[in-house]
Peer 1: 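Structure provided below as structure tokens; questions to follow.
Ligands are counted one by one from 1 in listed order, and the atoms in each one are counted from 1 as well. Quick caveat: nothing in here was measured; it's all calculated off a predicted structure. Heads up: numbering here begins at 1 and tracks the sequence.
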Amino acid sequence: MKRKAAEAALAYVKPGMVLGLGTGSTARFFLEGVSRLVREGVDLKGVPTSFATADAAKELGIPLTSLEERPSVDLCVDGADEVDPKLDLIKGLGGALFREKIVAAASKRFIVIVDASKLVPRLGTKAPVPVEVHPFGWKAAAAALEGLGATVELRRRDSETVRTDNGNNLLDARFGPIKAPSKLATRIAAIPGVVGHGLFLGMADAVLVASDEGVRTLRPTRTS
Ligand code: 5RP
């Protein structure tokens, strides 16, 4: 399913584009498609959203550039952990939310690729909100998140504290179904030490959802 969604996103790729390259297993399939196009001679460059994606892109022969060199990205394609009916997202279970948000925001078009299991009636239904915090005082940030109603866990792997590509800690803040994502986003962003969070609101231009029936394209209904 992830591969199907990723393949569908290739239809948006045009010669000469600078592509934002997302992070995660679904984005990896997109990278493989881009690599195929590059091998066919299509002129494309990628801005990676993580060290892992940069490594994968190099391995796959995708030419890379940076936001310093190319501050305006034509198209960013990335996965997500949850997608709600407004096409607001939770991202960051893969830990790359900070760079993912910067690259998506710098892109003229942001296309999200998911399988149908990522669709939820409300953000927070299944996933925690990943929050990247500076290691100095992360416990105070965790307490502030608890004050907003979350159950908070410091992300660890094999009992080691996970560090992001930016050298920060990750807090997984479980709120349950979130009634007002934009209010919550403002409150999380205001906590001292918070570097970024995984609520991506009003950012997706389309979500490509793969299921047994094929790939559906969802577009946001924006009033302005
Ligand atoms: C990484 C992310 C990923 O896009 C998200 O976790 C989805 O991953 P996958 O495609 O492996 O399900 O936000 O920070």
Peer 1: Which one of Ser25, Gly22, Ala52 has a non-hydrogen atom at the shortest distance from atom 11 (O) of ligand 1?
Peer 2: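 Considering heavy atoms of Ser25, Gly22, Ala52, the nearest to atom 11 (O) of ligand 1 sits in Ser25.
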Peer 1: Give the minimum heavy-atom separation between Ala141 and Pro192, together with the two atoms involved.
Peer 2: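 Nearest heavy atoms, Ala141 then Pro192: CB-O, 4.2 Å.
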Peer 1: Any nitrogen or oxygen of Ala96, main chain or side chain, under 3.5 Å from a nitrogen or oxygen of ligand 1?
Peer 2: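 For ligand 1, there is an N or O atom that lies under 3.5 Å from one belonging to Ala96.
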Peer 1: Cut-off 3.5 Å, side chains only: do Arg39 and Ser35 have a donor facing an acceptor?
Peer 2: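 Short answer, yes.
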Peer 1: Under 4.0 Å, heavy-atom basis, I'd like to know which part of Pro130 is in contact with ligand 1: side chain, backbone, both or neither.
Peer 2: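 Answer for Pro130: neither.
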Peer 1: Scan side-chain atoms only and decide if Asn166 and Glu132 contain a donor-acceptor pair under the 3.5 Å cut-off.
Peer 2: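 Yes, Glu132 and Asn166 have a side-chain donor paired with an acceptor closer than 3.5 Å.
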Peer 1: With heavy atoms of Gly24 as the reference, note each atom of ligand 1 found under 4.0 Å away.
Peer 2: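 Those qualifying, in numeric order: 11 (O).
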Peer 1: Atoms of ligand 1 less than 4.0 Å from Asp81 heavy atoms?
Peer 2: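 It comes down to these atoms of ligand 1: 5 (C), 6 (O), 7 (C), 13 (O).
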Peer 1: So does Glu100 pair up with Lys91, basic N to acidic O under 4.0 Å?
Peer 2: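 The answer is yes: the pair qualifies as a salt bridge.
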Peer 1: For ligand 1, which atoms, with element, lie under 4.0 Å from some heavy atom of Gly94?
Peer 2: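 That gives atoms 1 (C), 6 (O), 14 (O) of ligand 1.
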Peer 1: To which protein heavy atom is atom 10 (O) of ligand 1 closest, and what is the distance rounded to 0.1 Å?
Peer 2: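 Result: Thr26 OG1, 2.5 Å.
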Peer 1: Taking atom NZ of Lys108 as the centre, report whether more than 12 heavy atoms of other residues, nucleotides or ligands fall under 6.0 Å from it.
Peer 2: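 Count over threshold, so yes.
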Peer 1: Answer with yes or no whether Lys118 contacts ligand 1, where contact means a heavy atom under 4.0 Å from a ligand atom.
Peer 2: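 The answer is yes: ligand 1 sits under 4.0 Å from a heavy atom of Lys118.
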Peer 1: Enumerate the atoms of ligand 1 whose separation from the nearest heavy atom of Lys2 is less than 4.0 angstrom.
Peer 2: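 Reading through ligand 1 atom by atom, the close ones are 9 (P), 11 (O), 12 (O).
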Peer 1: Please write down residue, atom name and distance for the protein heavy atom closest to atom 1 (C) of ligand 1.
Peer 2: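 Closest protein heavy atom to atom 1 (C) of ligand 1: Glu100 OE2, 3.1 Å.
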Peer 1: Give the minimum heavy-atom separation between Ala173 and Ala150, together with the two atoms involved.
Peer 2: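 Ala173 and Ala150 have their closest heavy atoms at CB-CB, 3.8 Å.
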Peer 1: Say whether Arg155 and Asn169, considering side chains only, have a donor N or O and an acceptor N or O under 3.5 Å apart.
Peer 2: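 No.
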Peer 1: Under a 4.0 angstrom heavy-atom cut-off, which atoms of ligand 1 come close to Thr23?
Peer 2: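 Ligand 1 atoms under the 4.0 Å threshold to Thr23: 1 (C), 2 (C), 3 (C), 4 (O).
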Peer 1: Does any N or O atom in Gly92 lie less than 3.5 angstrom from one in ligand 1, N or O only?
Peer 2: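 Looking only at distances, the answer is yes, because the N/O contact criterion of under 3.5 Å is met.
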Peer 1: Could you tell me which atoms of ligand 1, counted from 1 in the order shown, lie closer than 4.0 angstrom to a heavy atom of Gly79?
Peer 2: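 This gives 4 (O) as the contact atoms.
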Peer 1: Note the single closest protein heavy atom to atom 4 (O) of ligand 1, along with its residue, its atom name and the distance in Å.
Peer 2: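 Closest protein heavy atom to atom 4 (O) of ligand 1: Lys91 NZ, 2.8 Å.
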Peer 1: Closer than 4.0 Å to some heavy atom of Gly95 - which atoms of ligand 1 meet that?
Peer 2: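 So the answer, numbered in order with elements, is 14 (O).
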Peer 1: Suppose we screen for side chain to side chain donor-acceptor pair (under 3.5 Å). Which residues come up paired with Ser25, at least two apart in sequence or across chains?
Peer 2: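 Only Lys2 meet the side chain to side chain donor-acceptor pair (under 3.5 Å) criterion with Ser25.
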Peer 1: Kindly work out whether a path of hydrophobic side-chain contacts (I/L/V/M/F/W/Y, heavy atoms less than 4.5 Å apart) joins Met1 to Ile113.
Peer 2: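 Different hydrophobic clusters.
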Peer 1: Taking atom CZ of Arg216 as the centre, report whether more than 12 heavy atoms of other residues, nucleotides or ligands fall under 6.0 Å from it.
Peer 2: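 At most 12 heavy atoms, drawn from other residues, nucleotides or ligands, come within 6.0 Å of this atom.
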Peer 1: Is Asp78 touching ligand 1 with its side chain, its backbone, both, or neither, if touching means heavy atoms under 4.0 Å apart?
Peer 2: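 Only the side chain of Asp78 comes within reach of ligand 1.
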